[in-house]
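As structure tokens, the structure follows; a few thoughts come after it.
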2 protein chains.
Amino acid sequence: MQGLTINEAAGTTGWSARMLRYIEQSGLVSPERTAGGYRIYGAAELQRLRTLKELLESFDVALSDVAFTARLAADPRLQSAIEQWLSATAERPEDVDPGDWLRFEQRKHERLLLDAA
Amino acid sequence: MQGLTINEAAGTTGWSARMLRYIEQSGLVSPERTAGGYRIYGAAELQRLRTLKELLESFDVALSDVAFTARLAADPRLQSAIEQWLSATAERPEDVDPGDWLRFEQRKHERLLLDAA
DNA sequence: CCAACCTTGACACGACCGTGGTAAGGTCGG
DNA sequence: CCGACCTTACCACGGTCGTGTCAAGGTTGG
């Protein structure tokens with residue numbers, strides 16, 4: 001069966017089986033399937049799952065944020081529209097408080113604030 | 001008083017006063033203040049608020065998505081970390097179902113799905 | 001001075017995120 | 001064939017997003 005089943009993959013990646021299905025739904029890591037429908041995680045998927053976990057933890061980023069970045073990367077029209085809107089702030093750069101959106105973003109999980117304390 | 005108060009700005013931008021305060025919290029549009037603390041929206045802010053509304057509506061993007069993109073733009077370490085993780089998918093590009101994350105993203109507000117129907 | 005407007009803070013509410021669980025049923029390998 | 005594992009589909013729950021509303025108090029401008 002060339003690869004790990006979902007519970008085995010959960011064991012070696014640190015995710016729960018539930019989360020592996022959820023992550024697949026988000027489109028970020030999609031394993032192959034057997035003829036009967038079982039998910040089969042290969043080495044590439046396992047590596048991806050591990051680095052994904054690291055990414056989310058070390059930057060305090062949400063799964064949905066990564067999914068949105070994927071959407072951005074795949075839709076250049078959207079990407080340039082947002083970047084253009086953001087760059088218009090540069091009109092008055094001295095007014096931008098860099099701690100502002102930062103605090104806003106961090107409120108999502110206040111882990112960073114607690115860590116900093 | 002050189003500029004519009006919050007309710008006047010709400011009137012000309014289509015946002016509610018409540019949302020203007022919320023948007024300011026997110027760091028996306030921050031008006032000047034009078035000595036007494038009143039928000040004063042100038043022409044630049046009004047324009048920004050209008051284009052922001054257009055951006056969100058025409059691409060079905062959330063306020064938090066734009067805020068996150070701002071964080072990305074301001075933190076190149078984070079940006080390259082995510083982009084690198086995403087680009088690892090390109091290893092097996094034929095396996096990526098482009099409708100996957102799309103449906104995931106769209107479930108946020110099913111407006112696009114309904115529009116498409 | 002005063003009416004009209006603004007401020008912050010709080011409560012509320014539906015929708016969605018991330019996560020766990022459980023139930024009913026199908027697949028795997030020996 | 002059968003026990004162990006997997007599938008999807010649901011319910012639940014605390015937390016966040018986007019939004020409205022209300023209360024208590026300060027500002028503005030004539």
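Small disclaimer: the values here were computed from a predicted structure and weren't measured. Chain A is the first sequence line, chain B the second, and so forth, proteins listed ahead of strands; every chain is numbered from 1. Note: hydrogens, waters and symmetry copies are ignored here, and every other heavy atom, side chains too, is used.
- The stretch residues 13-21 of chain A comes close to DNA chain C through S16(A), R18(A), M19(A), each having a heavy atom under 4.0 Å from the strand.
- Candidate nucleotides dT7(D), dC5(D), dC6(C) were compared by shortest atom distance to the side chain of N7(B), and dC6(C) ranks first.
- Atom CD of E8(B) is separated from atom P of dC5(C) by 9 Å (rounded to the nearest Å).
- Taking atom CD on Q25(A) and atom C1' on dT19(C), their separation rounds to 13 Å, with Å as the unit.
- Scanning for side-chain contact (heavy atoms from CB on, under 4.5 Å) contacts around A10(B) gives L20(B), with sequence neighbours left out.
- Salt-bridge formation is detected for the pair R33(A)/E24(A): a Lys NZ or Arg NE/NH1/NH2 atom is positioned less than 4.0 Å from an Asp or Glu carboxylate oxygen.
- The shortest heavy-atom contact between R48(B) and L86(A) is NH2-O, 4.3 Å.
- Residues passing the salt bridge (charged side-chain N to carboxylate O under 4.0 Å, His left out) test with R77(A), sequence neighbours excluded: none.
- Distance R33(B) CZ to dT28(D) P: 12 Å, rounded to the nearest Å.
- Side chain of E45(A) to main chain of G42(A): a donor-acceptor pair is present (N/O by atom type, distance under 3.5 Å, no hydrogens or angles).
- Taking only side-chain atoms of Y22(B), from C-beta outward, the nucleotide of dT8(D), dC17(D), dT7(C) with the closest atom is dC17(D).
- Between F68(A) atom CZ and dT16(D) atom C1' there is a gap of 17 Å when expressed in whole angstrom units.
- Rounded to whole angstrom, the span from the CG atom of L63(A) across to the P atom of dT16(D) amounts to 16 Å.
- Between S64(A) and dG18(C), a side-chain N or O to OP1/OP2 separation shorter than 4.0 Å is present.
- With sequence neighbours excluded, the residues satisfying side-chain contact (heavy atoms from CB on, under 4.5 Å) with T12(A) are L4(A), L46(A), R50(A).
- For Q79(A), the side-chain contact (heavy atoms from CB on, under 4.5 Å) criterion is met by L72(A), E83(A), not counting sequence neighbours.
- At a cut-off of 3.5 angstrom, the base of dG26(D) holds at least one donor-acceptor pair with the side chain of Y38(B).
- In this model, the phosphate group of dC6(C) is not approached by any side-chain N or O of T34(B) to a distance below 4.0 Å at OP1 or OP2.
- Note: CG (L49(B)) to P (dG18(D)) measures 15 Å, nearest angstrom.
- The overall bend of the helix from dC1(C)-dG30(D) to dG30(C)-dC1(D), read as the angle between its terminal helix axes built from five base pairs each, is 40° when rounded to 10 degrees.
- With sequence neighbours left out, the side-chain contact (heavy atoms from CB on, under 4.5 Å) criterion links T51(B) to W85(A), Q47(B).
- Atom-to-atom, CD1 of I40(A) to C1' of dT27(C) comes out at 11 Å; the value is rounded to the nearest Å.
- Separating the CG atom of L56(B) from the C1' atom of dC17(D) is a distance of 13 Å, rounded to the nearest angstrom.
- Where I6(B) and A35(A) meet DNA chain C, the nucleotide closest to each residue was compared, and I6(B) sits on the side nearer the 5' end.
- Within the 4.5 Å cutoff, no side-chain heavy atoms of F59(B) are placed close to those of D65(B).
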